[in-house]
Trainee: 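Here it is, the structure, as structure tokens.
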Number of protein chains: 2
Amino acid sequence: MQLSCIGIMVARMCERCNYAEMLEGHGVDTTPLREAVLRSVGDESRPLAAAEIMAAVRSRMSINKVTLYRILDLLVDKGLVKRLLAGDRAFRYGMGETRHHPDHPHFVCSRCRVMECLGPDLLPVGIKKFQTKGKRIIKHVDVRFEGICERCLKAGT
Amino acid sequence: MQLSCIGIMVARMCERCNYAEMLEGHGVDTTPLREAVLRSVGDESRPLAAAEIMAAVRSRMSINKVTLYRILDLLVDKGLVKRLLAGDRAFRYGMGETRHHPDHPHFVCSRCRVMECLGPDLLPVGIKKFQTKGKRIIKHVDVRFEGICERCLKAGT
DNA sequence: TTGGGCTTGCAACTCAGTTGCATAGGCATT
DNA sequence: AATGCCTATGCAACTGAGTTGCAAGCCCAA
Ligand SMILES: [Mn+2]
Ligand SMILES: [Mn+2]
Ligand SMILES: [Zn+2]
Ligand SMILES: [Zn+2]
């Protein structure tokens with residue numbers, strides 16, 4: 001089923017994800033707030049700042065700022081969510097790697113600071129072979145493209 | 001002349017850089033503080049946080065926090081210095097690209113958060129070809145390796 | 001029913017950087 | 001010399017994003 005062909009289903013970005021199930025699968029007890037936070041991240045096509053996640057969760061239920069940050073810490077810690085750097089002082093949060101969501105680079109617009117996901121095919125080759133080089137241990141590689149996004153380009157100067 | 005063969009010369013990381021000259025060459029009037037900030041960045045082999053730069057400058061002269069941030073903004077704006085992301089909330093500052101300092105990726109230790117420069121040869125190939133792909137304009141690509149540094153490995157658990 | 005461990009909330013705090021406004025020097029114009 | 005303007009610097013107060021400390025509520029086990 002295509003995402004573009006329907007109305008009510010479009011609300012969920014990833015219809016293959018059962019968020020409660022994902023939580024339990026990673027050893028995290030499900031609570032309404034945890035599920036709502038994970039859903040807010042998973043339903044978006046781009047990584048969100050904490051303030052955006054808070055707004056999304058609050059459109060459905062009430063949540064405190066501290067609780068949100070604690071849930072995000074937990075989800076990042078358990079690998080369900082990935083904390084990303086956009087170049088400003090606010091972290092972005094996107095879904096962690098799974099079979100459906102392979103590792104991929106991101107693009108950040110230096111004008112509006114919106115972050116977008118790029119295809120995994122844009123991950124430059126030759127990255128894996130550095131994992132063992134030198135005396136340091138390399139755990140992961142982060143590739144971030146920066147420039148001007150389509151929306152800002154259209155908006156002109 | 002090799003960096004490793006001498007005593008007194010070792011203090012300066014880059015003996016090819018005349019910092020006052022670099023400032024003027026980028027259209028920035030030289031002042032003692034600007035030169036000291038640029039020197040503090042250029043003399044280090046790794047990118048520094050603002051607090052570290054402040055300590056380095058203050059070992060030679062007096063500088064206010066706001067002045068430091070304004071000088072860093074200016075140097076970044078003029079391309080003399082590059083603002084880098086380490087994964088915590090503090091930016092790091094390293095020398096901008098020149099003939100002597102080509103673009104290169106960085107490594108950040110997720111335990112101690114120290115950032116190190118890696119050789120330009122570790123820049124994965126195939127990055128340049130994405131510059132024109134899609135409707136967005138890509139200005140630069142940032143590659144960041146993360147893991148455990150040599151010092152933290154030696155220090156054990 | 002009592003106690004311990006989670007989960008959440010609220011207030012206060014921290015850290016890194018920013019803003020507003022004042023002061024001081026340099027140079028040109030009168 | 002006096003005036004005005006422009007730039008560089010300093011000081012105090014502020015901001016935004018995230019953190020800490022502690023209390024309250026809930027669940028289940030003993
Ligand atoms: Mn992504
Ligand atoms: Mn570097
Ligand atoms: Zn944009
Ligand atoms: Zn380390």
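So that the names make sense, note that chain A is the first sequence line, chain B the second, and so on, each numbered from 1.
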Trainee: Please state how far atom CE in A/M61 lies from atom C1' in C/dT7, giving the value in whole angstrom units.
Mentor: 15 Å
Trainee: Got a list of protein N/O to nucleotides 24-26 of chain C N/O distances below 3.5 Å?
Mentor:
none

Trainee: So, using salt bridge (Lys or Arg N to Asp or Glu O under 4.0 Å) as the criterion, who are the partners of B/E150 when residues are at least two apart?
Mentor: B/K154
Trainee: Does the B/R92 side chain pair with the main chain of B/A90, one donor and one acceptor, at a distance under 3.5 Å?
Mentor: yes
Trainee: Rounding to a whole Å, what distance do you find between B/R113:CZ and C/dC15:P?
Mentor: 17 Å
Trainee: Where do N or O atoms of nucleotides 9-16 of chain D meet protein N or O atoms at under 3.5 Å, pair by pair?
Mentor:
| unit_1 | atom_1 | unit_2 | atom_2 | d |
| --- | --- | --- | --- | --- |
| D/dT9 | OP1 | B/T31 | OG1 | 3.0 |
| D/dG10 | OP2 | B/N64 | N | 3.1 |
| D/dG10 | OP2 | B/T67 | OG1 | 2.8 |
| D/dG10 | N7 | B/R70 | NH2 | 2.8 |
| D/dG10 | O6 | B/R70 | NH1 | 3.4 |
| D/dG10 | O6 | B/R70 | NH2 | 2.9 |

Trainee: When you measure from the side chain of B/R136 to the backbone of A/G147, do you find a donor-acceptor pair of N or O atoms at a distance under 3.5 Å?
Mentor: no
Trainee: Within the distance-only criterion (no hydrogens, no angle test), does the side chain of B/R89 pair as donor or acceptor with the backbone N or O of A/R89 below 3.5 angstrom?
Mentor: yes
Trainee: When the distance from CG of B/L74 to C1' of D/dT7 is rounded to whole Å, what number comes out?
Mentor: 12 Å
Trainee: Looking at B/D77 and B/R70, is there a salt bridge between them, counting it only when a charged N and a carboxylate O are closer than 4.0 Å?
Mentor: no
Trainee: Should A/Y69 be listed as having a side-chain N or O under 4.0 Å from OP1 or OP2 of D/dT19?
Mentor: no
Trainee: Salt bridge between B/D103 and B/K82, side-chain N to carboxylate O under 4.0 Å?
Mentor: yes
Trainee: Rounded to the Å, how far apart are B/D29 CG and D/dA8 P?
Mentor: 6 Å
Trainee: Could you tell me how far apart A/D77 (CG) and D/dT19 (P) are, to the nearest whole angstrom?
Mentor: 13 Å
Trainee: Report the distance from atom CD of B/E146 to atom SG of B/C109, rounding to the nearest 0.5 Å.
Mentor: 8.5 Å
Trainee: Name the nucleic acid region contacted by B/A50, choosing base, sugar-phosphate or nothing; use a 4.0 angstrom heavy-atom cut-off, strictly under.
Mentor: sugar-phosphate
Trainee: Look only at the side chain of A/E35 and the backbone of A/Y19, and say whether a donor-acceptor pair between them is shorter than 3.5 Å.
Mentor: no
Trainee: Starting at atom CD1 of A/I53, determine the distance to atom C1' of D/dG18, rounded to an integer number of angstrom.
Mentor: 13 Å
